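So the structure is just underneath, and the comments pick up after that.
In each ligand, atom 1 is the first atom listed, and ligand 1 is the first ligand listed. By convention here, the first residue in the shown sequence is residue 1. Only a predicted model underlies this, so the values are computations on that prediction, with no experimental measurement involved.
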Amino acid sequence: DLVAERKKDSNRLSLNPCPETPPGLVGKLATNAPNITSSVTNDDSLKRVMYGGRYSPEDCIPRGSTAVIIPYRDREDHLNILTRHLHNILQRQQLNYQIFAIEMALPTQFNRGLLANIGFLFAKETGDFSCFVIHDVDAIMMNDKNLYRCGSQPRHLVTGSTKFRTGNNEYGLPYDSYMSGVIALTDSQYTKANGFSNVYFGWGGEDDDFNIRVQRANMKFERPEKEIGIYIAIPHETDSTNQKNPARFGILDVSAARQWIEGVNSFINNPLKIKYKRYAIEYRQYYTWLL
Ligand code: BGN
């Protein structure tokens, strides 16, 4: 009721900003795949999530707010594991956040870049976010000190993943210029690079293309410390709607020529006439869903 709301507002006025370093972090999470769900999910955090997968700290004023954007198709079990895990950890990080799952409708090959762009624009319509995290559905953060905040440069939040395990190195990267899995950019950083290319259908290349765009816009990805950016990749079968794109090498070769012609600006000023249709929006319990 109104009186209770007023009281809440006046309490809020006396709140302090959340501390630079959140006090409740534990560091490296003591869990091994594949037992991810049961051991890292804390039910209390799920009770505090608002419909659409939103949260804001009750006892301090958050430092900015983060939209987590998950390009997605056909992996509901992964989405359920990931969103629960994120609610648990992002609340410990005292963030104001909202999780978005951006799903591609059939029948077509998966297009991660296009979904990231649409998710970015949709999040901007939905709320006032200072940071946009483009997040793979199968990437499970294993150190809660990996803060989902943005920086003065675009951030690659992965320093190692079990997807690229090599020899006795549990968490690896496939090559030094790999900038995929989980990245965090501000509105102006994302826009300055003109977002992702929209023309990579199927697996591969869109992330390398995005890294080139970031560099050509005079920015450079930064990573957290090595022991902080570690992720478990949830294992999955090969995906018939995300087959290796045989055209990706050729498209990547002309990355620079396409950068300002198509990207996130394709939905504003659109010489290539890229179109998409919104079939559905749902404010689900743990995330906002756009088809
Ligand atoms: C690379 C893919 C990336 C993918 C990584 C890791 C390409 C572009 C043609 C050279 N790049 O080879 O998209 O994230 O592997 O799996 O295919």
Heavy-atom cut-off of under 4.0 Å around ligand 1: list whichever protein residues fall inside it, by chain and number.
F164, Y175, Y178, W203, G204, G205, D207, D208, R248, F249, L252
Can a salt bridge be assigned to the pair R149 and E20 using a cut-off of 4.0 Å between side-chain N and carboxylate O?
yes
Is it true that E170 and K163 make a salt bridge, defined as a side-chain N closer than 4.0 Å to a carboxylate O?
no
Is there a donor-acceptor contact under 3.5 Å linking the side chains of S65 and N96?
no
Sort out for me which residue in Y286, Y97, Y55 forms a side chain to side chain donor-acceptor pair (under 3.5 Å) with H87.
Y97
If you round to the nearest 0.5 Å, how far is CD1 of I234 from CG of D77?
7.5 Å
With side-chain hydrogen bond (donor to acceptor under 3.5 Å, both in side chains) as the test, would you mind laying out the steps for Y175 and D208 before giving the verdict?
CA-CA 11 Å; Y175 44 90; D208 298 317; 2.7 Å; yes
